[in-house]
A.B. asks: 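Please see the structure below; I have some questions.
Below, read A as the first sequence line, B as the second, and so on, with proteins coming before strands; counting in each chain starts at 1. It should be emphasised that the depicted structure is a prediction, and the values quoted were computed from it without experimental measurement.
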2 protein chains.
Amino acid sequence: MTTRSRRPTIRDVAERAGVSKSLVSLALRDDAGVSDTTRARIKQAAADLGYRSNSLARALVQGRTGQVGVVVTDLTNPYHAEVALGVEDAATTAGLTTLLANGRRDPGRLAAHLHTFLELNVDGLVVVSSRVEPEVLSSVAREVPVTVVGRPESLPAGVDNVAGDDRHGARLATEHLLGAGHRRIAFATASTRPAARARRAGYAEAMRAAGLGDGTVHVVGDDARDDSIDAVLDSDATAVFANHDLLAVDLLDRAVDRGIAVPERLAVIGYDDTDLAARVRPRLSSVDQRGAALGGTALDLLRERAGGRSEDRHAVLTPVLRVRSSSA
Amino acid sequence: MTTRSRRPTIRDVAERAGVSKSLVSLALRDDAGVSDTTRARIKQAAADLGYRSNSLARALVQGRTGQVGVVVTDLTNPYHAEVALGVEDAATTAGLTTLLANGRRDPGRLAAHLHTFLELNVDGLVVVSSRVEPEVLSSVAREVPVTVVGRPESLPAGVDNVAGDDRHGARLATEHLLGAGHRRIAFATASTRPAARARRAGYAEAMRAAGLGDGTVHVVGDDARDDSIDAVLDSDATAVFANHDLLAVDLLDRAVDRGIAVPERLAVIGYDDTDLAARVRPRLSSVDQRGAALGGTALDLLRERAGGRSEDRHAVLTPVLRVRSSSA
DNA sequence: CTGAAAGCGCTAACAT
DNA sequence: ATGTTAGCGCTTTCAG
């Protein structure tokens, strides 16, 4: 039953069609210079044998694999998954295949995956993580084009980057709340990394523009049960802009527990526009980073590099506000 | 800056160390029969050059790549993502690397990914989907070991399988509701595929055992706004067991909209124990299929095949009930 | 212990 | 239009 026999090679096809090895190669790749009749005969032979070309061998001789590696910090984060899908779509369109690996928020594991991909001779790498050491990025980028999606602490030379305009997104969210008449608007974050800092800056900017000083920033604990979540609810804020959806959902939850009506007594808005935002009650307003577009852009940058560009590019995408009932 | 120079090969290392090509190969793989001093010299030379072996070339000559392909129906489904992570963990432990591809619920795309992986000469395939055509599975399984995770309509010979015990899981859920005193318990599902049928059977079994006949089954529409969701709420049921978490969450939502108290007036329990279950309000009770364990088992089966087993194996894992406030 | 040579399956330059 | 030949980078006999 399980006839796991040796796979037919180009040689077997040649023999069956009664031609030479190289002619088979040409014919199968629809290269010019093969008569129609011969080509038909060869293709028939290949089909008969169930021949499928060995991409390993081809890659070895051509020096390129047509594969791009995507390394993601955390696939269980729907935003990251969305970026990965965006890369995959663009790659498929370009006739490339993607390999995906999950780093689980661990810089060591992330680096290991990058090296595995290098050994597989991928033609390019997309890093959906801001946790990879700059030295690692830069050493990897010496071998193949690399695009980082997101905002790492520092980005070495030789590496491309694409990120959402966090500052602008934060301004959108804050201005939306201001427009609804809120004055005491707080910003809450558990992170102090670059993306969070940019959002904080955008928030402060909008507050200042409205003559409200720098606003109020709450740096909360990572844990939903943390008292710092309560501190936000205990403040006099009538609206809170959370650095990401998960935090916003935690705030929503605590508010429900404590009988604080959302959005009547407290408006809440998140960031990332994950599935969760559209599922919780009340529906969470959120800033959409357009993850799929980020992923697609990352692949474009890779292809530009492969095409010869040598100066670094840092692309920025404009996010979009999705208003739902948590802030309406 | 971007010195994307030719990667050093085993030849360069040999030259630098002043030995022959093959000796480098032996030394680097810690093969016996190389003197310690020579080995040290060779390793030093390799390190100096930043040599990294070309896995393509190695795979070509060895006929195996050390890679297993994982094809998932829908990575945005957290349950599937969990299975994929389980495979990855087990693979890493076994010194294998995993390649991940996303099929987006499309049988055509799923099949295409399987073939891509075959061309990459993976040593085995894990299919986390019940949507791949049996003919595709069986043709693929002629070339490499294949394990399907889940319950496809039909499973061809030559393919291994691992699935949760859906019948048992459904019984657990139903018995839990019975134990809480419920009598009018409904089963709701949008699917009529094998997993759903098995859960329905488990539900009916538990109901009969309690002397409640076959119970009441609602086949609802896929869409949350569908009236059929309301039909469940309008029935006289005091508890509902939903075929999966997303459906359970839709029920929860509609119940909230209509002022139906959960769990006081209606208890709800889901299946899959996704992140969502622990995040919605009220917290959703759910049956945990133990996705990571399913993934790990899938890899074990693959390795057994590679080790020479020729008869098919169908492994079954026992699920676990997670009780939260939606049914307490 | 070390080196030379063959070959994995394919492509591409070079004949014919 | 078709065939020959020389590798891609590595492992693996088989002689020295």
A.B. asks: Among the candidates dT2(D), dC10(D), dC10(C), find the nucleotide nearest to the side-chain atoms of T38(A).
C.D. replies: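 Selected nucleotide: dT2(D).
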
A.B. asks: Expressed in angstrom and rounded to an integer, what is the separation of D36(A) atom CG from dA1(D) atom C1'?
C.D. replies: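 Those two atoms, CG and C1', are 12 Å apart.
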
A.B. asks: To the nearest angstrom, how far is E15(B) atom CD from dC10(D) atom P?
C.D. replies: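 Rounding to the nearest Å, CD of E15(B) and P of dC10(D) are 14 Å apart.
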
A.B. asks: Send over the distance from L26(A) CG to dA13(C) C1', rounded to a whole Å.
C.D. replies: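 Going from CG in L26(A) over to C1' in dA13(C) covers 11 Å.
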
A.B. asks: For the pair R105(A) and D74(A), evaluate salt bridge (charged side-chain N to carboxylate O under 4.0 Å, His left out) and give the outcome as yes or no after the intermediate values.
C.D. replies: CA-CA 6 Å; R105(A) 309 180 164 282; D74(A) 179 12; 3.3 Å; yes

A.B. asks: Phosphate oxygens OP1/OP2 of dT11(C): is one of them under 4.0 Å from a side-chain N or O of R29(A)?
C.D. replies: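 Indeed, a polar side-chain atom of R29(A) lies that close.
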
A.B. asks: Considering only NZ, NE, NH1 and NH2 on the basic side and carboxylate oxygens on the acidic side, decide whether E304(B) and R313(B) come within less than 4.0 Å.
C.D. replies: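 Yes.
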
A.B. asks: Please report the distance, rounded to the nearest Å, between CG in L28(A) and C1' in dT11(C).
C.D. replies: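 Interatomic distance, CG of L28(A) to C1' of dT11(C): 13 Å.
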
A.B. asks: On DNA chain C, check which nucleotide each of V61(B) and V19(B) is closest to and give me the residue with the more 5' one.
C.D. replies: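 By nearest-heavy-atom nucleotide position, the 5'-most residue is V19(B).
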
A.B. asks: Atom CZ of R64(A) and atom P of dC10(C): how far apart are they, to the nearest Å?
C.D. replies: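 That distance rounds to 17 Å.
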
A.B. asks: Nearest to the side chain of L60(B), which nucleotide is it out of dT2(D), dG9(D), dA12(C)?
C.D. replies: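 Taking heavy atoms from C-beta onward, the closest nucleotide is dG9(D).
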
A.B. asks: Within a radius of less than 6.0 Å around CZ of R29(B), do more than 12 heavy atoms belonging to other residues, nucleotides or ligands occur?
C.D. replies: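 Yes, because the 6.0 Å sphere around CZ of R29(B) holds more than 12 heavy atoms from other groups.
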
A.B. asks: For dG9(D), take OP1 and OP2 only and decide whether either is under 4.0 Å from a side-chain N or O of R58(B).
C.D. replies: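 For R58(B), the contact criterion (side-chain N or O under 4.0 Å from OP1 or OP2 of dG9(D)) is not met.
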
A.B. asks: Give a yes or no on this: more than 12 heavy atoms of other residues, nucleotides or ligands lie within 6.0 Å of atom CG of D30(B).
C.D. replies: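 Yes, the 6.0 Å shell around CG holds more than 12 heavy atoms from other groups.
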
A.B. asks: Tell me: CZ of R41(B) to C1' of dC1(C), nearest whole Å?
C.D. replies: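 Distance, rounded to whole Å: 12 Å.
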
A.B. asks: At under 4.0 Å between heavy atoms, what does S55(B) touch on the DNA or RNA strands: base, sugar-phosphate, or nothing?
C.D. replies: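 Nothing, no nucleic acid heavy atom in range.
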
A.B. asks: Which nucleotide wins on minimum distance to the side chain of S25(A), given the candidates dG9(D), dC8(C), dT11(C)?
C.D. replies: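 Shortest atom-to-atom distance from the side chain points to dT11(C).
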
A.B. asks: Of the candidate nucleotides dG9(D), dT11(C), dT2(D), which contains the atom at the shortest distance from the side chain of A57(B)?
C.D. replies: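 Nucleotide nearest to A57(B)'s side chain: dG9(D).
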
A.B. asks: Which atoms form the tightest heavy-atom contact between P107(B) and E133(B), and what is the distance?
C.D. replies: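 Heavy-atom minimum between the residues: CB-OE2, 4.4 Å.
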
A.B. asks: Identify which nucleotide among dT12(D), dT11(D), dT2(D) has an atom closest to any side-chain atom of L23(A), counting heavy atoms from C-beta outward.
C.D. replies: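 Shortest atom-to-atom distance from the side chain points to dT2(D).
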
A.B. asks: Expressed in angstrom and rounded to an integer, what is the separation of D12(A) atom CG from dC8(C) atom P?
C.D. replies: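 After rounding, the reported distance stands at 11 Å.
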
A.B. asks: Which sits closer to the 5' end of DNA chain C, S35(B) or Q62(B), going by the nucleotide each is nearest to?
C.D. replies: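 Whichever sits nearer the 5' end wins; that is S35(B).
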
A.B. asks: Rounded to the nearest angstrom, tell me the gap between atom CG in L120(B) and atom C1' in dG9(C).
C.D. replies: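 Computing the L120(B):CG to dG9(C):C1' distance gives 15 Å.
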
A.B. asks: Taking any heavy-atom pair under 4.0 Å as a contact, classify S22(B): base, sugar-phosphate, or nothing.
C.D. replies: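 It contacts base atoms.
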
